[in-house]
Amino acid sequence: MTRKPEGDLRRGWTTGACATAATKAAYTALLTGQFPDPVSITLPKGEQPAFALARERLEGGQASAAIVKDAGDDPDVTHLALVGATLRRSPAGQGVIFKAGPGVGTVTKPGLPLAVGEPAINPVPRQMMTAVVQEVAAAHGDAGDVEIEISVDNGAALAAKTWNPRLGILGGLSILGTTGVVVPFSCSAWIHSIHRGIDVARANGLTHAAACTGSTSEAAVQRLYSLPEIALLDMGDFAGGLLKYLRKHPLPRLTLAGGFGKLCKLAAGHLDLHSGRSQVDFDLLASVLRDLGATPEAVQEAQQANTAKQVLEMAAAAGLPLADAVAEKARTVALATLDHPDIAVEVMIFDRQGQEAARARGWEG
């Protein structure tokens, strides 16, 4: 995960906010022949940002406007992407119709808040765009029957860096945003993706999912169980975000997997595994080693160690199953957080080469 910079952080705007502003500009031009530039919109919490147009075109009965997305200081994959809206009149009485243009994906699997076959434009951005259409229609005496085609330049390539393919959103990006504002390093987008991944797994009838801290452990678990892509939940550092959502949206079996250092943190009760927000508890590792029969010298060495890897190597040299004990403790924390009798959990620890180092089993076989 990208390290959070020091000092004040600049907020940005979601793809949904940019698409809404582009929609307002294009619809205004469709009715008046003139593009408002900059164009202002009202966000769900009342903020009224203004957006400069990067591109505008009016011809052949349709109007297009595009805005360069500014994500502020957040490491957003869509930062500086060109988000466009093309508006055309639709048949009388049809209201607002949404269409996926180039770079915007289409939903192909159940479990998302949109029906299969729909453009991947989430509910709140749809509400925002519908609201500006109604606003402009009222101001100019129009019925507001329009087709809105949203596009993102290079969106298909950008989508490959997101969860979209795994969630069954194909052909491009999702148009996201619940507030219109990107809060730098809020981590909300990642946790939102975890939740949607769980929704898709449940909607497709899966009984076993794997949540992993990184790509090495994910690949190892997938090989072990031959899990489909939609069963793989990119947990990263957000164990709490995953487990608390599963508590209310359960799956029968969950494999939690990762490296020794990350799962040491979970074993100590930390639900955010990021290095900037939790640290390895060396006193805990020393206590575990003591319980495993380590010498007083080894216990003291563990307390003074610099890395979890150093302690693990020392335990291995002494023939002490430290990784197994940590996996068991991590499983205990996970079960307590889930607090759900119908979710079986196993915890697996892998080394950097993807070899299994420990497993706390949650079921037979």
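Here the structure is a predicted model, which means the values were calculated and not measured. Computed from heavy atoms alone, side chains included, the values below leave out hydrogens, waters and symmetry copies. For reference, positions follow the sequence shown, starting with 1.
- Between the side chains of Gln62 and Glu147, no donor-acceptor pair of N or O atoms lies under 3.5 Å.
- The shortest heavy-atom contact between Ile41 and Met128 is CD1-CE, 4.5 Å.
- Nearest heavy atom pair, residue Phe350 against residue Val221, reads CE1-CG2, 3.7 Å.
- Side-chain polar atoms of Tyr245 and Arg196 form a donor-acceptor pair below 3.5 angstrom.
- Scanning both residues, Ser151 and Val104, for their nearest heavy atoms gives CA-CG2, 3.8 Å.
- Aromatic pair Trp363/His208: ring centres closer than 6.0 Å.
- Using modelled atom types and a 3.5 Å distance limit, the side chains of His140 and Thr32 yield no donor-acceptor pair.
- There is no path of hydrophobic side-chain contacts, each under 4.5 Å, that joins Ile121 to Leu170.
- Residues Lys262 and Thr213 bring no donor and acceptor atom of their side chains to less than 3.5 Å of each other.
- Put simply, the side chain of Thr20 gets close to the backbone of Gly16: a donor and an acceptor are under 3.5 Å apart.
- Residues Trp13 and Val68 are members of separate hydrophobic clusters, defined by side-chain heavy-atom contacts under 4.5 angstrom among Ile, Leu, Val, Met, Phe, Trp and Tyr.
- Judged by distance alone, with hydrogens and angles left aside, the side-chain atoms of Asp281 form a donor-acceptor pair with the main-chain N or O of Asp283 at under 3.5 Å.
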